[in-house]
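For clarity, every value in this text was computed on a predicted model and none was experimentally measured.
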Amino acid sequence: MIEKKQKPEYLLFTRINRGDDLIQVGSFQAESDELAKIYSQYIYDEEDWVEMQVVRKDAFITVRLPEPLFEKEGVN
C-alpha cells in the first residue's frame, strides 16, 4: 500500500488598509510555498488587500495553548 503524504497547512494573514491589524482570514493546504502564494491570491481575492502574508502552520512557535474543552476517550 502506498501511503499518500499529507500536504502542509498554510495560514493566510491580510490587512485591507495601511495601519490595520494583520488578521488571519483563512487556511488551506498546498504542495509548496509557491503554490500557497498562488492559492492565496486566487482563493481570497474578495477584497483589495494592501498586504497578504502566508505562512506554514508548522512554522509557528507555540507560547501558550488553551486547555482542551473535552477529554479524549481512552485517555487517562
Is there a side chain to side chain contact (heavy atoms under 4.5 Å, CB included) between Y10 and K37 once you walk through the steps?
CA-CA 10 Å; Y10 289 83; K37 289 177 5 181; over 6 Å; no

What do the steps show when you test W49 against I16 for side chain to side chain contact (heavy atoms under 4.5 Å, CB included), and what is the final call?
CA-CA 4 Å; W49 309 111; I16 295 175; 3.4 Å; yes

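Minimum interatomic distance between Q24 and S27 (heavy atoms only, all atoms of both residues): NE2-CB, 4.3 Å. Closest approach of D21 and R15 over heavy atoms only: O-CB, 3.7 Å. Taking each heavy atom of V25 and T14 in turn, the nearest pair found is CG1-OG1, 3.2 Å.
The closest side-chain heavy-atom distance from F28 to L35 is not below 4.5 Å.
Rounding to the nearest 0.5 Å gives a distance of 6.5 Å between CZ of R56 and CG of D33. To the nearest 0.5 Å, atoms CD (E51) and CG (N17) are separated by 12.0 Å. Considering CD of Q29 and NZ of K7, their distance stands at 6.5 Å, rounded to 0.5 Å.
Annotation for D45: atom CG counts as buried by contact number, over 12 foreign heavy atoms lying within 6.0 Å. Within a 6.0 Å sphere centred on CD of E46, other residues, nucleotides and ligands contribute more than 12 heavy atoms.
Cluster annotation: M52 and F13 are assigned to distinct hydrophobic clusters (Ile/Leu/Val/Met/Phe/Trp/Tyr, side-chain heavy-atom contacts under 4.5 Å, transitive). Hydrophobic clustering (side-chain heavy atoms under 4.5 Å, transitive across Ile, Leu, Val, Met, Phe, Trp, Tyr) groups I43 together with I23.
Partners of E47 according to the side-chain hydrogen bond (donor to acceptor under 3.5 Å, both in side chains) rule, which considers only residues two or more places apart in sequence or in another chain, do not exist here.
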